[in-house]
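The sequence lines fix the lettering, A, B, ..., with proteins before strands; numbering per chain opens at 1.
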2 protein chains.
Amino acid sequence: MRRGATNAAQTGAPTSADVARLAGVSPATISLVLNGRASKVRISDETRDKVIAAAAQLGYTPNHAARSLRQRRTNIITFVLPTLDNPYFSDVVRAAQTAAQQHGYAVSVIPAKTKPGEFHALSFLQGAAFDGIIVAGRENCTAPELRQLAARGVAVVALQEQSPDPSIQSVSVDLEAGGYMATRHLIDLGHRRIAHVTERLHEPGTRRDRLDGYRRALEEAGLAFDPSLVLTAENTMAGGSKAIEQLLGPGMQRPTAAFMYNDQMAVGALHALRLHGLSVPDDFAIVGFDGVAIGQFTAPALTTIDHPREELGRLAIEALIGALEKRPSDVREHLLPVKLIVRESCGGGKTLLPRRQPRTRTR
Amino acid sequence: MRRGATNAAQTGAPTSADVARLAGVSPATISLVLNGRASKVRISDETRDKVIAAAAQLGYTPNHAARSLRQRRTNIITFVLPTLDNPYFSDVVRAAQTAAQQHGYAVSVIPAKTKPGEFHALSFLQGAAFDGIIVAGRENCTAPELRQLAARGVAVVALQEQSPDPSIQSVSVDLEAGGYMATRHLIDLGHRRIAHVTERLHEPGTRRDRLDGYRRALEEAGLAFDPSLVLTAENTMAGGSKAIEQLLGPGMQRPTAAFMYNDQMAVGALHALRLHGLSVPDDFAIVGFDGVAIGQFTAPALTTIDHPREELGRLAIEALIGALEKRPSDVREHLLPVKLIVRESCGGGKTLLPRRQPRTRTR
DNA sequence: GGGTTCTGCTAAATCCTTTTAGCTAATTCG
DNA sequence: CGAATTAGCTAAAAGGATTTAGCAGAACCC
């Protein structure tokens, strides 16, 4: 292939050599000027201006691949999310993006379907087209690929999960406390049969979870744990709806309240209850989890456990960048507090109001 | 720096040279085997197996930057989205990801805040760490950076927007038809004062939009276009809510129905109407737009204009890959049909039911 | 047996930027 | 004035995979 002066015309993208030619300097100078390496190597103002002008004239931007190859870094942080569906992550990522930008990193997102056993982002991940990843979703976090990545120098932070690999930091919200608060709130309102709809039952040995908090609250109140009141459902509105259908089905000893895995599923729950002609909160109380926007717009508005989502995103980025830039931290696990937001779906003001009589049918 | 046999130990990531050493062949062979270039260069089964075993033993994966540099392609397609908030895009991206994978491409997403005048993904985009991008959002689609990218060989597809650059294909849903159908539906149900809440007024000369369909339906029915019934609001539930507040405010000649920019804003609208003690659909009808999941779970469920979101994602990928692989298409613009889904928020069965008397107060 | 054709693999160039040792010319110093 | 700095820049290597011309040896042919 012919080489020479017309390189830019051939490929469509000008290279530093093209800029160098135009400015009458060497490619090294282009790099030095454009990256502000003035501290290392001196460049005269005159040359600097020439380079900048030439770069602008050609519309030059450094080739990402070449730069990454040489520098061994991409300045990209990737979020691996189980789905784009959940507005929860939208809030987390937005905050993360802001934080990352301040450190000179860009953020991208890969939706990784999280079918057990498959890890679709695998091929992408293994290419390591990023310096670090923040991983959400149980299956993603436990994927063996993560250890490989970590072993090869990619910084990894698990979001809301605990990785089996001790070299992988985690940034989470205190799910157990959230589960406790949600359940305790219902108990304080007089409920005695309280269901919990979850996305999946967590294996023993993993991080303490919503379910642990649920059980702790029950125990503290002297209520027996009834396994038939804990349901697993798909993490969607439809999933939440189906779970409630199940709870209201024939042969069930109906609960009077449910603590839902998240707000999304809680929306589905409200829907199912409506279809059954049950009034919320009068006939049935619902507590959500997450605190996302939709909870304010449902009828009734959702009482929920609010997460500091922005903080979560920011902290994840900071933990990651800390690891990237070799500022070793002894903190392996960051745990953020949650708070109860009382709206309408459980009835009003906490324990202040007279406790309503729950109708626990004993068949 | 010392070079040699222990390279893998130094960097943490094995290179093709490491695999070559272990397998007793040259790096070229590694590449040939691992990429299945058997058609070009013959490799014995024995060597092939040795290479594969060595690669597996070392956990080798090719360095993404080096490969991209050499091949001048990344096999990555990036979605530039104005926000992650909207479940609409979730559906589109999911389908796109599936389609892309079949062609050997991975999909990543960049949330690009879309404040007028700023294009936050800029630095990322200019690096061109991808072969093509699919861009959504007015501001993103009209960003001058797009032309630069297109000029330099990055394939660009605009989603739901029309780019000023003729070299940029677009894949969209027929918004005008959707606007017409939504409005026509309300007219058929007897409404005469119909508001339209939109995200932004589109500039003349751009693609025909919801508003055009709205106007066409009004015109066809002999109804005067009243500019005071067209409101602009933020594209969120809160934005939809505020818009309705405004419509119901003092001094307004109240409409009896509203065609909302999308389902998200329609959810906000339902909320605002509820706060005002108005019953939907009896006192006020709402039509949404998009057909996303939430519409089935609201009370009342949303009548809406459903988009073929999966198709949209698939088509965008196919248009993009077609452009990437130099299969020139004369189709600059793909337009997908929409359809009306009648649920509850406008009342039941179209024109079949007796038209209810709208209460148009003339003050 | 000598020439030809395959087989199977490798050497070396290439992609583009960054980095650092070091070169040249100008300036300063004694 | 000669030596020592300093300023300002460049040459060349490095980073890791891919690609292609072509080499060496084996097999084949008459």
- List the atom of A:Val154, the atom of A:Gly132, and the distance in Å for their closest heavy-atom pair. CG1-CA, 3.9 Å
- Task: Let me see the working for B:Glu310 and B:Arg314 under salt bridge (charged side-chain N to carboxylate O under 4.0 Å, His left out), right down to the final yes or no.
- Result: CA-CA 6 Å; B:Glu310 285 77 16; B:Arg314 209 175 43 67; over 6 Å; no
- Length of the line joining B:Glu46:CD and C:dT7:C1', which is rounded to integer Å: 13 Å
- For the base of C:dT18, is there a side-chain donor-acceptor partner from A:Arg70 under 3.5 Å away? yes
- Between D:dA17 (C1') and B:Leu34 (CG): distance, integer Å: 11 Å
- Taken to the nearest 0.5 Å, the spacing of A:Leu320 CG from A:Phe130 CZ works out to 10.5 Å
- Below 4.0 angstrom from OP1 or OP2 of C:dT18, is there any side-chain N or O of A:Arg72? no
- Task: Calculate the interatomic distance between B:Ile43 atom CD1 and C:dC6 atom C1'; express it in whole Å.
- Result: 15 Å
- Message: With nearest nucleotide decided by heavy atoms, which residue, B:Pro27 or A:Ile30, maps closer to the 5′ end of DNA chain C?
- Response: B:Pro27
- Is any side-chain N or O of A:Ser26 closer than 4.0 Å to OP1 or OP2 of D:dT10? yes
- Query: Does A:Ser31 have a side-chain nitrogen or oxygen under 4.0 Å from the phosphate oxygens OP1 or OP2 of C:dT17?
  - Reply: no
- Do the non-hydrogen side-chain atoms of A:Phe79 and A:Gln97 ever get within less than 4.5 Å of each other? no
- Atom-to-atom span, NE2 of B:His64 to C1' of C:dC15 - whole angstrom: 14 Å
- Between CG of A:Leu69 and C1' of C:dT18 the distance, given in whole Å, is 10 Å
- Message: Distance check needed: C:dT5 C1' versus B:Arg42 CZ, whole Å only.
- Response: 10 Å
- Under 4.0 Å: is that the gap between some side-chain N or O of A:Asn35 and OP1 or OP2 of C:dT18? yes
- Message: Quick check on D:dA17: is either OP1 or OP2 less than 4.0 Å from any side-chain nitrogen or oxygen of B:Tyr60?
- Response: yes
- Message: If you define the side chain from C-beta out and look only at heavy atoms, does anything of B:Val171 sit under 4.5 Å from B:Leu312?
- Response: yes
- Note on the structure: When rounded to whole Å, the CD to P distance for the pair B:Gln71 and C:dC16 reads 14 Å
- Donor-acceptor under 3.5 Å (B:Glu311 side chain, B:Leu336 main chain): no
Could you run down the sub-3.5 Å N/O contacts of the protein with nucleotides 20-23 of chain C?
none

- Which part of the nucleic acid, if any, lies within reach of A:Thr29 when heavy atoms closer than 4.0 Å are counted: base, sugar-phosphate only, or nothing? base
- Task: Would you indicate which nucleotide in C:dC16, D:dG16, D:dT10 comes nearest to any side-chain atom of B:Asn63?
- Result: D:dG16
- In whole angstroms, the gap separating C1' of C:dC15 from CZ of A:Arg67 amounts to 16 Å
- Task: Verify, without hydrogens or angle tests, whether B:Ser108 (side chain) and A:Ile110 (backbone) share a donor-acceptor contact under 3.5 angstrom.
- Result: no
